[in-house]
Participant: 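Before I ask anything, here is the structure I am working with.
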Amino acid sequence: MPGGLSRGRIPEGADMGRSSTQRGGAVTPGRTAADSPPGYPRYRAEPGGRLVLAGVDPGQTEHYRKKKEVLKELETQRRRIRDLQERLYAENRQGLLVVLQAMDTGGKDGTIKHVFGGVNPQGCRVSSFKAPNPEEANHDFLWRYHKSAPARGRIGIFNRSHYEDVLVVRVKGLVDENVWRERYALINEFERNLTRNGIRVLKFFLHVSKDEQKRRLEARLADPDKRWKFSKNDIRERAFWDDYQAAFEDAINECSTEHAPWYVVPANKKWYRNLVVARTIADTLEAMDPRFPPAERGLENVTIPD
Ligand code: AMP
Ligand code: MG
């Protein structure tokens, strides 16, 4: 059975310490490749299960204790992403959509910087979503996201996403409950459509504690180079912490599917968060098995004229 998050419990020892270098059919004894969803199965919200967010410790880091211990491993994962992305681009048959969601200061920007830092910008695009502008607001809610979905051969990164339309929209009462409730099914259909068309969807909730958010907001205020990131609105939003957690919990439970799973990433430690996200993406890309297209026939005898 895949070991995912269920009822807030982390299955004990699930995939603990599985080496990312166990590739090419070699898997942990007792597990088969088919058993094992890519990446960190322990953090995957089990499709059809009921995850309790409060049961997931945002501060956990497996056996790692400090950043130094994961730097090499992170670099390995980044290199895997870079190499696999090259194949994905050359193959031009499948794409990947990475969705990043979090509370304010949860680390969406930092994750993008540290996980995708080495990827060829030609094959990857980041789309950030703020409150809809008037044109976007005049369309169906998925319009702007669909327009930014990656093409085959590309990796798309959503910094905030269609999930805002069941998160902030719900918490702030921007539409009626019957409207946002129906959106879970519409989102599942949207993601199924992408999947059916060769675009894999991977979703990460960067899970930080309320205390950690306070520390990060304080750090932003204290550092002149970070102050631009601070908005008084962050304090207003923080007051709705519990409502947001409930909205995230429902969104994750309603929309974690086999084809488009949610991962709840312990994100109090930035270095651990980066590792979990990077490895999950690398494993997913590897499972997609992108291949360089075959070379044209008859190249053996080709010489380049002077
Ligand atoms: P930031 O990412 O900090 O620049 O903030 C972007 C803001 O846009 C956040 O306060 C989001 O809640 C808000 N936002 C993003 N998507 C939506 C949406 N679909 N409807 C309303 N507000 C949104
Ligand atoms: Mg912000």
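Note that this is a predicted model, so its numbers are computed, not measured. We count ligands from 1, going down the list as the structure has it; atoms in each ligand are counted the same way.
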Participant: Heavy-atom distance under 4.5 Å between the side chains of Leu285 and Arg80, does that happen here?
Facilitator: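 Of all side-chain heavy-atom pairs linking Arg80 with Leu285, none is under 4.5 Å.
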Participant: Determine all donor-acceptor pairs shorter than 3.5 Å in which one atom belongs to a side chain in residues 179-190; sequence neighbours excluded.
Facilitator:
residue, atom, partner, partner atom, Å
Arg181, NE, Glu177, OE2, 2.6
Arg181, NH2, Glu177, OE2, 3.1
Arg183, NH1, Asp165, O, 3.0
Tyr184, OH, Arg170, NH1, 3.3
Asn188, ND2, Tyr184, O, 3.4
Asn188, ND2, Glu254, O, 3.1
Glu189, OE2, Arg192, NE, 3.4

Participant: Could you list each nitrogen or oxygen of ligand 1 that sits under 3.5 Å from a protein nitrogen or oxygen, with the atom names and the distance?
Facilitator:
residue, atom, partner, partner atom, Å
ligand 1, 2 (O), Arg160, NE, 2.7
ligand 1, 2 (O), Arg160, NH2, 3.2
ligand 1, 4 (O), Lys130, NZ, 2.4
ligand 1, 8 (O), Ala131, N, 3.2
ligand 1, 14 (N), Ala131, N, 3.4
ligand 1, 16 (N), Lys130, O, 3.3
ligand 1, 16 (N), Arg144, NH2, 3.3
ligand 1, 19 (N), Arg144, NH2, 3.2
ligand 1, 19 (N), Asp165, OD1, 3.3
ligand 1, 19 (N), Asp165, OD2, 3.4

Participant: Is a salt bridge present between Arg216 and Asp104, judged by a nitrogen-to-oxygen distance below 4.0 Å?
Facilitator: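 Result for this pair is no, no salt bridge flagged.
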Participant: Side-chain donor-acceptor contacts of residues 90-101 below 3.5 Å, not counting sequence neighbours, with atom names and distances?
Facilitator:
residue, atom, partner, partner atom, Å
Glu91, OE1, Gln94, NE2, 3.0
Glu91, OE2, Arg291, N, 3.1
Gln94, NE2, Met288, O, 3.0
Gln101, OE1, Ser161, N, 2.9
Gln101, OE1, Ser161, OG, 2.6
Gln101, NE2, Glu164, OE2, 2.9

Participant: For the pair Lys214 (side chain) and Ser209 (backbone), establish whether a donor and an acceptor sit closer than 3.5 Å, ignoring hydrogens and angles.
Facilitator: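 Not confirmed, Lys214 side chain does not pair with Ser209 backbone.
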Participant: With clusters built from Ile, Leu, Val, Met, Phe, Trp and Tyr whose side-chain heavy atoms come within less than 4.5 Å, directly or transitively, what are the remaining members of the cluster of Leu221, listed by chain and number?
Facilitator: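 Traced through the cluster, Leu221 reaches Leu217, Phe230, Ile235.
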